[in-house]
2 protein chains.
Amino acid sequence: MLSFFTVDCLIFTFHEGKLKVLLNERNEYPYRDWWAMPGYFVDKQEEMEEAVNRIAYEHTGLKNIYLEQLVAMAGLKRHPEGRILTVAYMALVRYDDVKNKVKPVTNYMRQAKWFDVNEVPELAFDHNDILKLGLEKLKRNLNYSTASFEILPEKFTLTQLQQIYEAVLGETLDKRNFRKRMSNLGYLKELDEYQTGVSYRAARLYKLDKRKFLKLFA
Amino acid sequence: MLSFFTVDCLIFTFHEGKLKVLLNERNEYPYRDWWAMPGYFVDKQEEMEEAVNRIAYEHTGLKNIYLEQLVAMAGLKRHPEGRILTVAYMALVRYDDVKNKVKPVTNYMRQAKWFDVNEVPELAFDHNDILKLGLEKLKRNLNYSTASFEILPEKFTLTQLQQIYEAVLGETLDKRNFRKRMSNLGYLKELDEYQTGVSYRAARLYKLDKRKFLKLFA
DNA sequence: TTTAATAGTGTAAAAAATACACATTATATT
DNA sequence: AATATAATGTGTATTTTTTACACTATTAAA
């Protein structure tokens, strides 16, 4: 008697200055018609990491996203049929890479949709709890991970970077101090390129210098 | 068909200047005669948190320890019978509270024994991997948690506190700077008591001021 | 009384964090 | 062409935190 369990994916992105989370509208028992994190059963002969990638793809259309384990939930009442353990994973994706791709390829789910993290409805199962844990983890790791850069376009403005910090920390930051701090970190590459398509002064673009980042943290 | 899985407990303490981990010598298939983290199957009608407390007690004799979830492991090959998912928990205990109590009350395990974290043998299942993750978590959280104080006697010397920091971080620290930093944190209560039974100058004892600690982190 | 072992202490320098306001620039509007 | 709009980009002074560094004090045992 082997383990029978599900995985769930908490997928964040950043768009129009807001932190967003990807949810599915369920088309199946239980919690049919409810919004839920993309998730499903792991196959018997499938490694959990394969499963979570497959399931993320089937339920959202997203491929090759980097999912990291968040938490296991095993409450006896989390599923109407009894305890079904789930392992929740978390991923960060660039909105530009995925904006036209979020569409389930199974019909277990009716649609996939980005929600502002502050406007998430009551979700199926214990998914609101998982979301809360995910946001806390994002906050804890903000300064020690590339999370902000995975979620931004590859070339980003300092204002965008600051917006992520503010969204994740839930507080506003001083622009000058933020910029000073970021450039002192030493792993931002200043580009000779500027924002386009804005009706005001275009901001300079930056990208993450991964080599320097890795030197600092490994 | 509900979830069938195990929990494992990674239990740390601090003794004689060393960080230690509690392991069982297994008396049952699989990995009979191997050392392993205390762990066993969760009962069908038992919440996971209850299970992990029960199992910690049955395999080590320790009660009322605070266990926090670390990671779920679900490798297809982690168990010879096929995938048995396990959820690993982590706890920190005071050596003085438990020194005479680590004894299994089931006979699934032959004995429970403290190992220096640097002298852990090859363990059953994927327990060496779990240990590594636990040590990393300990390190990440060192400055933001009461971990060091849970693992020390309630009244401790600053040298003991420093030894924990050094053991967890794996580097030596400057005594004066360490003491300055700790007293600046503002949540150490200086007692009018001193170490006894040492054959050299007795050090002053301190304890954690939990109220002040909580004010800072909540 | 001497030895051994650890406790306990201060200062100067460097680095990082904070508080704070205005001129600049690109586009859109009239 | 002039103006309005909206966001960009920048500096300094102050405070706080971190770092580097070495000797005297105290206790018990020999």
Side-chain angles (χ1 to χ4, degrees), chain A residues 14-18 139 142-144 148 152-153 155-207 212-213 215-217, chain B residues 14-18 139 142-144 148 152-153 155-207 212-213 215-217:
Chain A
F14 181 75
H15 182 53
E16 291 173 339
K18 307 278 190 178
K139 199 163 166 174
L142 187 58
N143 290 311
Y144 315 107
S148 343
L152 279 174
K155 300 175 180 180
F156 52 85
T157 69
L158 292 181
T159 299
Q160 290 176 313
L161 186 59
Q162 183 172 347
Q163 283 170 330
I164 289 191
Y165 272 70
E166 292 181 339
V168 170
L169 296 176
E171 59 184 303
T172 58
L173 300 172
D174 178 86
K175 183 158 56 156
R176 276 171 298 185
N177 292 340
F178 180 78
R179 283 163 185 242
K180 205 185 315 171
R181 185 152 63 91
M182 286 301 131
S183 58
N184 282 342
L185 294 174
Y187 51 71
L188 289 192
K189 214 183 285 173
E190 183 178 295
L191 303 178
D192 287 327
E193 293 176 60
Y194 295 82
Q195 237 178 346
T196 53
V198 288
S199 73
Y200 45 79
R201 179 174 176 180
R204 182 186 284 275
L205 296 175
Y206 289 78
K207 60 194 240 185
K212 290 190 181 164
F213 184 91
K215 236 181 230 167
L216 280 175
F217 291 94
Chain B
F14 182 74
H15 183 51
E16 292 173 337
K18 306 279 189 177
K139 198 162 166 176
L142 189 58
N143 291 312
Y144 314 108
S148 343
L152 279 175
K155 300 174 181 182
F156 53 84
T157 69
L158 292 181
T159 299
Q160 290 175 314
L161 186 59
Q162 185 173 343
Q163 283 170 332
I164 289 192
Y165 272 71
E166 292 181 339
V168 170
L169 297 175
E171 60 184 303
T172 58
L173 301 172
D174 177 86
K175 183 158 58 154
R176 277 170 299 187
N177 292 339
F178 180 78
R179 284 163 184 243
K180 206 185 317 170
R181 184 151 66 89
M182 286 301 133
S183 59
N184 282 343
L185 294 175
Y187 52 70
L188 289 192
K189 214 183 285 174
E190 183 178 295
L191 303 179
D192 286 327
E193 292 175 62
Y194 294 83
Q195 235 177 349
T196 54
V198 289
S199 72
Y200 45 78
R201 178 174 177 182
R204 183 186 283 274
L205 296 174
Y206 289 77
K207 59 193 242 188
K212 289 189 181 164
F213 184 91
K215 236 179 230 168
L216 281 175
F217 290 95

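Every chain is numbered from 1, with letters handed out A, B, ... down the list of sequences. Keep in mind that this is a model prediction, so the values were computed, not measured. The basis for the numbers below is simple: all heavy atoms, side chains too, and nothing from hydrogens, waters or symmetry mates.
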A.B. asks: What I'd like to find out is whether the side chain of A:S148 reaches to under 4.5 Å of the side chain of A:L142, using heavy atoms alone.
C.D. replies: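 Side-chain contact under 4.5 Å: yes.
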A.B. asks: Hey, does A:D192 have a side-chain heavy atom less than 4.5 Å from the side chain of A:L205?
C.D. replies: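 No, their side chains stay 4.5 Å or more apart.
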A.B. asks: Whole-Å distance between D:dT8 P and A:Y194 OH?
C.D. replies: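 One finds 13 Å between P of D:dT8 and OH of A:Y194, rounded.
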A.B. asks: Please check this pair: side chain of A:Q162 against backbone of A:L173, looking for a donor-acceptor N/O pair closer than 3.5 Å.
C.D. replies: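 A pair under 3.5 Å: yes.
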A.B. asks: Output the rounded distance in Å from CD (B:Q160) to C1' (C:dT6).
C.D. replies: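 About 13 Å, once rounded to whole Å.
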A.B. asks: Between C:dT27 atom P and A:Q195 atom CD, what is the distance in whole Å?
C.D. replies: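 Distance, rounded to whole Å: 11 Å.
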A.B. asks: Given B:R204, which of B:Q195, B:E190, B:E193 fulfils the side-chain contact (heavy atoms from CB on, under 4.5 Å) condition?
C.D. replies: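 Exactly one option meets the side-chain contact (heavy atoms from CB on, under 4.5 Å) with B:R204, and it is B:E190.
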A.B. asks: Please find the pair of heavy atoms, one from B:Q160 and one from B:L152, that lie closest to each other, and give the distance.
C.D. replies: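 The answer is CB-CD2, 3.7 Å.
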A.B. asks: Run the ring-ring contact (aromatic ring centres under 6.0 Å, His included) test against A:F14 and tell me which residues pass, sequence neighbours left out.
C.D. replies: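 If we apply the ring-ring contact (aromatic ring centres under 6.0 Å, His included) test to A:F14, skipping adjacent residues, there are no hits.
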A.B. asks: For nucleotides 28-30 of chain C, list the nitrogen or oxygen atoms of the protein found under 3.5 Å from its nitrogen or oxygen atoms, one pair per line.
C.D. replies:
none

A.B. asks: Kindly state which residues belonging to residues 173-187 of chain A come within less than 4.0 angstrom of DNA chain C, counting heavy atoms of the residue only, listed by number.
C.D. replies: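 Only A:D174, A:R176, A:N177, A:K180, A:R181 qualify.
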A.B. asks: Can you list the steps and then say if B:L191 with B:F156 is a side-chain contact (heavy atoms from CB on, under 4.5 Å)?
C.D. replies: CA-CA 10 Å; B:L191 303 179; B:F156 53 84; over 6 Å; no
A.B. asks: Can you name the residues that form a salt bridge (charged side-chain N to carboxylate O under 4.0 Å, His left out) with B:K180, not counting sequence neighbours?
C.D. replies: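 If we apply the salt bridge (charged side-chain N to carboxylate O under 4.0 Å, His left out) test to B:K180, skipping adjacent residues, there are no hits.
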A.B. asks: Do A:R181 and A:N143 touch side chain to side chain, with heavy atoms closer than 4.5 Å?
C.D. replies: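 Yes. Closest side-chain heavy atoms under 4.5 Å.
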A.B. asks: What contact category does A:T159 fall into here, base, sugar-phosphate, or nothing, at under 4.0 angstrom with non-hydrogen atoms?
C.D. replies: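 Sugar-phosphate contact only - A:T159 comes under 4.0 Å of backbone atoms but never of a base.
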A.B. asks: With heavy-atom distances below 4.5 Å as the criterion, would you say the side chains of A:Y206 and A:L161 are in contact?
C.D. replies: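 Not touching, per the 4.5 Å side-chain cut-off.
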A.B. asks: Where along residues 162-170 of chain A does a heavy atom come under 4.0 Å from DNA chain D, residue by residue in number order?
C.D. replies: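 Output list: empty, so none.
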A.B. asks: On DNA chain D, does the nearest nucleotide to A:A203 precede the nearest nucleotide to B:Y200 from the 5' side, or the other way round? Give the residue.
C.D. replies: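 It is A:A203, whose closest nucleotide lies nearer the 5' terminus.
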A.B. asks: Indicate, yes or no, whether a donor-acceptor pair under 3.5 Å links the base of D:dT27 to the side chain of B:R201.
C.D. replies: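 Between D:dT27 and B:R201, which were checked side chain against base, a qualifying N/O pair under 3.5 Å is absent.
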A.B. asks: My understanding is that only residues two or more places apart in sequence, or in another chain, count here; which of them pass salt bridge (charged side-chain N to carboxylate O under 4.0 Å, His left out) with B:K175?
C.D. replies: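 Checked B:K175 against salt bridge (charged side-chain N to carboxylate O under 4.0 Å, His left out); zero matches.
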